[in-house]
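Take a look at the structure set out below.
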Amino acid sequence: MSGSNSFRLRCSLAAHEMDVRGLAAAAFPHGAFVSVSRDRTARVWVPNPSENQVFTEMHCMNGHSNFVSCVCIIAPNETYPRGLIATGGHDNNICVFSLDRPDPLFTLKGHKNTVCTLSAGKFGTILSGSWDTTAKVWLGEKCMMTLQGHSAAVWAVVILPEQGLMLSGSADKTIKLWKAGRCENTYTGHEDCVRGLAVISDMEFFSCSNDASIRRWMVTGECVQVYYGHTNYIYSLAVFPNGQDFISTGEDRTLRIWRKGECSQTIRLPAQSVWCCCILPDGDIAVGASDGIIRVFTESQERVASAQDLQAFEDELSKAIIDPKTGDLGDIKIEDLPGREHLNEPGNRDGQTRLIKEGSNVEAYQWSVSDGRWVKIGDVVGGSSQQNSKRVMYEGKEYDFVFSIDVNEGGPGLKLPYNVTDDPWLTAHNFLEKNDLSPMFLDQVANFIIENTKGHTLGPAPTSATDPFTGVLPVPPVFSGAGRYIPGSGGGDQAFGADPFTGGSAYSSSSALKATTNIFFPNTDGVMFEQANTTQILGKLRELNSAAPADRKLSDAALDSLEKLLHLVADQKSQEQPTAEQISVLWRTSHWPEDIVFPVLDILRLAVRHPEVNAQLCGGTEGSSLCNHLLGLMSPEGRPANQMLALRTLCNCFSGSHGRALLLGQRDAVLSRSGDLCAVSNKNIHVALATLVLNYAGRLYGQPTEIEAKAQCLSVASTALEVVQDKEAIFRLLVALGTTVAGDSTAKDLARSLGVNSQISKYARVSDPAKVGECCRLVLDELQ
C-alpha cells in the first residue's frame, strides 16, 4: 500500500434495499467482491471494463429466510475451481453457493441462533460464530466440532493460516484460541464486546471492540499495542497485504486507514453504521453501511470517481444529520462555538472535526489533507444548549427520542423513534413488525420505552442518568450455552514388540519392512489389554476386603465367585461359561469405594473380553449403566489407577459386538471424557487413552459418512499429542491418525486444516523405537 496518496471515492453502489452487513473479496472473477444484506440477498460485484471506476452486479443469491449478516469465500478446489460463497443469517443457517446458480448448493444447520460471523480456512473448512455462544467447524456438509466456552454471543471468528489454530471473539469481552477443538488460551483486555478479528501473520492478529479500541495481539497471549481513534463501536477490520497497515469501520460513521500504527486518514460516510469492510485485490477498499450502499475508495488516480460524483458524495455528506448523543462529537454548547471564520485555520491532521455556529444551527466539518480544506460532514441537532427546543430528526421527521435498540446483543443496529404522545406498546409492535423481529421481544421493547421516558413531556430533553439517545436495549440471548466436556491433552506407558502392538519379540528396525509397505495402518483389529497376574489381583482383592468397612465387606462366597470368574476369563481357551451369579457379583463389587475398587476393575477389564460377559454387561440398559459407571471413575479428579483401568476396560469392550455397539453409540461422551484425561501426567493412562482412540478409529475405517466421529478422533489424538511424552502412546496415536484418514479424502482435509502435518512432523526423525518415525512418515505421506 502506498503511503503517499489518500483514499478517495471510486464509486457508490446502491447495492441493497437494507443494511449491507458483510463484504468479502471473491476468488473469481478477478477483482470481484461479494456483499450480503439485511434484505436477505447476497450479490457478486465485478469491475466494469468499460468504466474503470464502476462495478456491476453479476450474480444475486437467495437462500435465507431472514437477514443475512456475514459472508466468507471458500478457496477454489478441483470440484469448484471458482470457489464457493458461504453466508450466515438470522435464520440460524449457513448457505453455501456457487457462481452457477442463485440457490444454495447446500445449507449447514446446527446453530441455535443467528450466525453472525464466518471464516474459511484451507481445504474447505468453515468456522462459524453465533449468538448461541458457540463456534462450529464445518467441512463439506458436516459439522466437525463445536467450540464451547464463551458465555455470550460469538461475534467474530477467524482461522489462522497455519497450525490448525482458530480464534473467536465474543460479547463476553474475551477472545479465545482453539486447537483441535480445545481452548488453548483466553485473551482479556477489551472492556466491551469483541466485534471483529483480523489475521496479521501466523503469530499476530488484530481485534476490535465496542469499547472503541483496536488491539494487536501475539498468539502467545501478549497485547502488544492498543489503537485509539474511533469514538464509538468498531465493527470490522481488514489488513493490507503488507501485514502492517489496516482499516477499520464503526458506529461513528467512519472508515479509518491506519499506517505505521497511526490513523492516517478518516473518511466519514453519510450513514450512521459502517458495518463492514474488505480490501480488494487492487488495494482498493469496499465498505458497507446502514444506508444499503456499498462505497469503494481508491488511492489510484486512474480509478477515482468523476468530479461530479465526488461533489455528489460531498453534498450527501454535508446534508447528514448528526446526533451528538452518539458521543461522536463530544458535548456541544452552542453559545461557546466559533463562527465560520474558524474554518480559515487549517486542520492539524486528516479527519480532524471542527464545529461552527451558523446562526442558530451547528455545522460539522472535517479536515481533508488531500484537498487541503474543511469538508462539511453534516448538521448537528440536539446539542446540550438546544435540548429544551430542538427535537431529534430521524428519516425526515422530528421526534422526542430516537433510541438505539440492540437486538443483536452488542451493536446499535436498529433505531426506534418515539414521541411521548405515542403509545409505547403500539410503537414497540410497529418496530418489531417493521424489522421482522420476533413478537417475543414486545414486552422488553415497550418496557424499555416506558422506563426511559418516565416523567417526560413533549419537548424537553431527558434528564435521566442514562442518555436515552444512546441507551441500548440489550435483548438477552435465548441460549446460555452450558458447555460440555472439551477434549483435553495427554501422554503414555508400555512398550510392545514385533507386532507393533502386542508381539512378544523386540521390535527391530532392521527386520521392519520399508516405509513403502505400510504395516501400521489402517488397523481395524482393535488392540486389547490382555496381560494379567491373577495371583497378584486376587491377593490385593483379599487384602483390601479384609480391611473394608463391615457393610462393604464381601462374603467368602462372593470372593470365591470372583476368583472363579477371574481364572475363567483370564484363560481365553477355557470352554467354561461364566454364570449369571458371577457376573452379578462382579457388577455389584465394581461399585466398591473408589479407594479399594481397583482390583475389581482389573477383573472387569479382563472379563468384558469374554463373549458372555460382553453381552451381559454391554447390552441393553446394562450397557448404558456400565458406560456411565466407567465415565464416573474417569473423572479428572478421580484416582489415576481407576482412571487407567476404566480406560482399559473400555478398550477391551471393543472385543465383542455388544461392546462395540455400546461404545459407538456412546462415542461422544466416551471420547470427550477420555480426552479430558490427557492432562493427567501418567504414562499408563496415556497409553490406554491412545489405544481407545485407535480402537474407535479402527471401527470407523471405511465409513466416510462418519466424518463427525472421525473429527472427534482427530481432535482427541491431536490434543493428546500436544503433551504426550511416552513413545508407545505417541506411536498408537499416530496409528490412530493414520487409520482415521486412510482412504477418506474428507478426513484428510480436516486433519490438514487442524494442522496435524506440522504437529507430528517432529516424530518423523525418531529412531528409538524406529516404529514411531516410520509410522509418522507414512501418516505424513497420507496427508500430502
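Since the model is a prediction, treat every value here as computed from it, not as a measurement.
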Are any of the side-chain nitrogens in [X] or [Y] under 4.0 Å away from the carboxylate oxygens of its partner?
{"X": "R295", "Y": "E316", "result": "yes"}
{"X": "D103", "Y": "R101", "result": "yes"}
{"X": "D100", "Y": "R82", "result": "yes"}
{"X": "K376", "Y": "E358", "result": "no"}

Practice task
Classify the ring geometry between W45 and F33 as parallel (under 30°), tilted (30 to 60°) or perpendicular (over 60°).
Solution key: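 Correct class here is parallel.
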
Enter the distance from [X]:[atom1] to [Y]:[atom2] here, rounded to the nearest 0.5 Å.
{"X": "I294", "Y": "C11", "atom1": "CD1", "atom2": "SG", "answer": "9.0 Å"}
{"X": "I234", "Y": "D192", "atom1": "CD1", "atom2": "CG", "answer": "11.0 Å"}
{"X": "D284", "Y": "C278", "atom1": "CG", "atom2": "SG", "answer": "10.5 Å"}
{"X": "L255", "Y": "L269", "atom1": "CG", "atom2": "CG", "answer": "7.0 Å"}
{"X": "L167", "Y": "F205", "atom1": "CG", "atom2": "CZ", "answer": "5.0 Å"}
{"X": "D91", "Y": "R40", "atom1": "CG", "atom2": "CZ", "answer": "9.0 Å"}

Determine yes or no for a side-chain-to-main-chain donor-acceptor pair under 3.5 angstrom, with [X] supplying the side chain and [Y] the backbone.
{"X": "Q265", "Y": "F7", "answer": "yes"}
{"X": "R256", "Y": "G229", "answer": "yes"}
{"X": "D291", "Y": "I293", "answer": "yes"}
{"X": "D252", "Y": "T231", "answer": "yes"}
{"X": "S264", "Y": "I257", "answer": "yes"}
{"X": "S119", "Y": "I159", "answer": "yes"}
{"X": "N92", "Y": "V115", "answer": "no"}
{"X": "Y187", "Y": "V219", "answer": "yes"}
{"X": "T133", "Y": "A153", "answer": "no"}
{"X": "S290", "Y": "A271", "answer": "no"}

Side-chain contact test, heavy atoms from C-beta onward, threshold under 4.5 Å: evaluate it for [X] versus [Y] and give yes or no.
{"X": "H230", "Y": "C208", "value": "no"}
{"X": "H64", "Y": "H90", "value": "no"}
{"X": "S753", "Y": "L139", "value": "no"}
{"X": "L177", "Y": "L160", "value": "yes"}
{"X": "D282", "Y": "R10", "value": "yes"}
{"X": "L99", "Y": "I85", "value": "yes"}
{"X": "R195", "Y": "N210", "value": "yes"}
{"X": "V224", "Y": "E204", "value": "yes"}

Exercise for the section: Applying side chain to side chain contact (heavy atoms under 4.5 Å, CB included), run through T298 and V296 and close with a yes or a no. Expected result: CA-CA 7 Å; T298 184; V296 182; 5.8 Å; no

Considering all heavy atoms of both residues, which atom of [X] and which atom of [Y] are nearest to each other, and what is their separation?
{"X": "S98", "Y": "L105", "result": "CB-CD1, 3.8 Å"}
{"X": "Y228", "Y": "W258", "result": "O-CH2, 3.5 Å"}
{"X": "F206", "Y": "Q244", "result": "CZ-O, 4.2 Å"}
{"X": "S128", "Y": "L118", "result": "CB-CD2, 3.6 Å"}
{"X": "H190", "Y": "I175", "result": "CD2-CD1, 4.4 Å"}
{"X": "H30", "Y": "P281", "result": "CE1-CB, 3.9 Å"}

Practice task
Check the pair V137, W178 against side chain to side chain contact (heavy atoms under 4.5 Å, CB included), reporting the backbone distance first and the verdict last.
Solution key: CA-CA 11 Å; V137 182; W178 306 85; over 6 Å; no

Handout entry: Result of checking S69, C70, S130 against T114 for side-chain contact (heavy atoms from CB on, under 4.5 Å)
Key =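 The side-chain contact (heavy atoms from CB on, under 4.5 Å) with T114 is passed solely by S69 among S69, C70, S130.
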
Practice task
Mark yes when over 12 heavy atoms from residues, nucleotides or ligands other than K176 sit less than 6.0 Å from its NZ; otherwise mark no.
Solution key: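 Buried by this count: over 12 neighbours within 6.0 Å.
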
Exercise for the section: Would you sort out whether H111 and T134 count as a side chain to side chain contact (heavy atoms under 4.5 Å, CB included), showing the intermediate values? Expected result: CA-CA 8 Å; H111 279 297; T134 72; 3.4 Å; yes

Handout entry: Side-chain donor-acceptor pair present, S300, E302, cut-off under 3.5 Å
Key =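 The criterion, which ignores hydrogens and geometry beyond distance, is satisfied for E302 and S300.
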
Practice task
Apply side chain to side chain contact (heavy atoms under 4.5 Å, CB included) to the pair I285 and F240, showing each step before the final yes or no.
Solution key: CA-CA 10 Å; I285 299 167; F240 283 101; 4.0 Å; yes

Handout entry: Lys/Arg cation over aromatic F67: R38, 6.0 Å, 45° cone
Key =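 Judged by the rule (NZ or CZ under 6.0 Å from the ring centre, within 45° of its axis), R38 counts as positioned above F67.
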
